[in-house]
Amino acid sequence: MTTSNSAADVAVNAPPPESRPSNFLRDIMAEDVSSNRYGKAPIQTRFPPEPNGYLHIGHAKAICIDFGLADDFCGKTNLRFDDTNPEKEETEYVESIQEDVRWLGFDWERLCYASDYFDQLYEWALKLIRDGKAYVCDLTAEQVREYRGTLTEPGKNSPYRNRAIAENLDLFQRMKAGEFPDGARTLRAKIDMASPNLNMRDPVMYRILRAEHHRTGNKWCIYATYDWAHGQSDSIENVTHSMCSLEFADHQPLYNWFIEQLGIFPSRQIEFDRLAITYTLLSKRKLLRLVNEKRVAGWTDPRMPTLSGMRRRGYTPEAIRNFVAAVGVSRTNGIVELAMLEHFLREDLNKRAPRVMAVLKPLKVVIDNYPKGQVEEAEAVNNPEDASAGTRKVPFSRELYIEQDDFREVPPKGYYRLSPGREVRLRYGYFITCNSVVKNDAGEVVEVHCAYDPATKGGNAPDGRKVKSTIHWVSASHAIDAEVRIYENLFSKEDPNDAAAGQDFIANLNPHSLEVIANAKLEPSLAKAAPGSRYQFERLGYFCVDPDSQLGKLVFNRTVALKDTWAKVEKKHGGR
Ligand code: ATP
Ligand code: MG
């Protein structure tokens, strides 16, 4: 399957930069460039989503491969919608997919649709019929399955396999003209019913289906199958390397067969491993079920592994790209730890997220010896990882909120935060010592009374005495209220598909995947935080402003907590 190259042909494709780690896909491409497999044709790839759902992080891997590898060779990438299943496809999906690809940081050379090629595909189908390589079959879908045989038994020829060419041409044209009911006939390639590869046993090329298509409306009542549309679409676009996930490996002989019979541009399919992540489902069909059954608040729910859900949760495109690059490509499927994805998320947010102070579960602290009505401004560092981010002023006053977790009336062993008689540091503030508490009727501590040491302003004692902990706080009278949504894994099982007999992945949904905190207290600098902006709430984690926010009624999503289990695991194994 090579194009005819003359010795004078010079590949226009640049070799890949040496600095990038190699992988087998890039090696194949480099080889094809150096052997002039495609002559002067530039490297061309495509990302071919079916618009039957929102993109998920598995697609991010394919996108990074398709766009990234083309880029390495100064090639081009098309975004092509594989829209051959009108019943499942919608314009909403077409739009969200474009937004997500752009957000991830890629731009396509051309925006294409398999439906752009319906006329051409039809013409090519006629050619295969004329060449005696396709026939109209009247078996029902169920009969087609029966005749196909199994992995261990050959199939049986369809009784319609030897129809005369003229009859096939007539019937196929009448299929297109709408003369037969849905499902009554199919067009099938005439290959080999005894092939060890089931895909080669006279695969269906067209089925009759009266369904309105999101682009072609009711023009067609026959629709091409994936196998008939995909390779030919690649070829029309002069795609040199058609990368796809491993489940298509068995389809490759068929991909090649169609292209060879038609004698068209010899696109080359290469398969790589499908991304799978623990505690995560990566299947549009199953994600659609979560949406339809209202198990989540739509495709963009921050618990969803969709790119739009992850964006809303606070993921950065850089974190996703770095993760995908670290995962790499392989020829066998594996499973990646969710902790690894979160590690790359934290690593990126640590660099870019401004630090702020926020109290999720507030406990009032009154500093009895601090002058009533006095307000000081603590100078707080915006990002210790980025000096250019500067500092900001945070108001400090007599009444503060601290985290309920940062106080214990009876401290357990090893607990060094605030407790009666204990001195701690208030971040950017003073040392305070707890003297007494106020309790409600239920016996719960509702207010903690403390004394501060004015000499410790800024957080250090002139006499050099030490405290064992530093806690964050928000000035009570300056605090702004916010709703904070705390997310945990959507599924409680590492493999969400591992369900008991008679159950499915729905049974593995984590009932505690969302906790809503209605009255968190934030430092006032956040009053105008715009939807989509990301912060580190000191000591708590990374948070992102949700689009549900309104001025005066902020909503934050917890992107990820600070604890980095992955870094620990790596350290243990002597990695990075
Ligand atoms: P789903 O099962 O979620 O619907 P799909 O493979 O049917 O996925 P498509 O829209 O057909 O989704 O896929 C577009 C491209 O993305 C294909 O090339 C496919 O191989 C790739 N892709 C989809 N899921 C993954 C994944 N988890 N890992 C890597 N590539 C993927
Ligand atoms: Mg699919």
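When a ligand or atom number is given, it counts from 1 through the structure's own listing order.
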TODO: Have a look at ligand 1 and work out which part of H56, if any, has a heavy atom under 4.0 Å from it: side chain, backbone, both or neither.
DONE: side chain
- [ ] Please collect all ring-ring contact (aromatic ring centres under 6.0 Å, His included) contacts where either partner lies in residues 286-340, sequence neighbours excluded, each pair once.
- [x] Y54-W299, Y93-W299
Open item on the list: Students often mix this up, so state it plainly: with edges at 30° and 60°, are the rings of W220 and F118 parallel, tilted or perpendicular?
Closed with: perpendicular
Task: Enumerated ligand 1 atoms positioned under 4.0 Å from heavy atoms of P48 - done: 14 (C), 18 (O)
Open item on the list: As an exercise, identify every atom of ligand 1 less than 4.0 angstrom from a heavy atom of A62.
Closed with: 16 (O), 21 (C), 30 (N)
Task: Proximity of Y226 and H230 rings by center, below 6.0 Å - done: yes
Open item on the list: Looking at non-hydrogen atoms alone, which of M243, K88, H230, K284 comes nearest to atom 9 (P) of ligand 1?
Closed with: K284
Task: Parallel, tilted or perpendicular, as decided by the 30° and 60° cut-offs, for the rings of F258 and W228 - done: perpendicular
Open item on the list: In this structure, is the centre-to-centre distance between the rings of F543 and F556 below 6.0 Å?
Closed with: no
Task: Options K61, R274, R285, E50, ranked by nearest heavy atom to atom 5 (P) of ligand 1, top entry - done: R274
Open item on the list: Within the 4.0 Å heavy-atom shell around P49, which atoms of ligand 1 are there?
Closed with: 10 (O), 14 (C)
Open item on the list: Polar contacts were defined as any N/O atom of the residue lying under 3.5 Å from an N/O atom of the ligand; does this apply to R46 and ligand 1?
Closed with: no
Open item on the list: Taking side chain to side chain donor-acceptor pair (under 3.5 Å) as the definition, give me every residue that meets it alongside D32, ordered by chain and number, with sequence neighbours left out.
Closed with: H241, R268
